[in-house]
Amino acid sequence: MAGGEALSAYRALLRATRKTFAGDALMLTQSALEVRNKFEENRRVSSEAEIRRLLDEAREASHFILTMIVQAKRNSRGGFEVKPIKEHAGATLEIPSEELLSETTRAKKC
């Protein structure tokens, strides 16, 4: 039972990251690695209560990624645009400063 639920949670997390980070190769790669690493770290967990807790965390993480993370994209004027989608409705969005976004862009180029 838990094996099927774990696979389902794993796939849901990967789908969430693919949707949220579409077009951002670095984030797609890094998020997939992070998801994989977290599941590998817990591969040997055998306690039913601990497995349940981890599966709940995975479901919460998928929901968080889909509803609380928005990718900012540089526009033709050199600024950044954020385009929330219907999944973000009702969420409180914290838009990062131009300085933070510029630092992130520079880091990606390195």
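Everything numeric here is computed off the predicted structure, so don't read it as measured data. Counting begins at 1 with the first residue of the sequence.
Here the CD atom belonging to Glu40 is positioned 13.0 Å from the NZ atom belonging to Lys38, to the nearest 0.5 angstrom. Interatomic distance, CD1 of Ile65 versus CZ of Phe21, reported as 6.0 Å (0.5 Å rounding). In this structure, OG1 on Thr20 lies 6.0 Å from CD1 on Ile69, to the nearest 0.5 angstrom. Between the CZ atom in Arg11 and the CG atom in Leu14 there is a gap of 9.5 Å [rounded to 0.5 Å]. Here OG1 of Thr17 is found 11.0 Å from CG of Asp24. Values are rounded to the nearest 0.5 Å. Atom CG of Asp56 and atom CD of Glu5 lie 9.0 Å apart (nearest 0.5 Å).
Taking each heavy atom of Ser62 and Ala9 in turn, the nearest pair found is OG-O, 4.4 Å. For Leu13 against Ala61, the heavy-atom pair with the smallest separation is CD2-CB, 3.7 Å. Across all non-hydrogen atoms, the minimal contact from Ile51 to Val45 is CD1-O, 3.7 Å. A pairwise comparison of heavy atoms in Phe39 and Ala58 identifies CZ-CB, 4.2 Å as the closest pair.
Within 6.0 Å of the CZ atom in Arg53, the count of heavy atoms belonging to other residues, nucleotides or ligands exceeds 12.
Under a 3.5 Å cut-off, the side chain of Thr29 and the backbone N or O of Ala25 do form a donor-acceptor pair. Side-chain atoms of Ser31 come within 3.5 Å of backbone atoms of Leu28 as a donor-acceptor pair (strictly under, hydrogens ignored).
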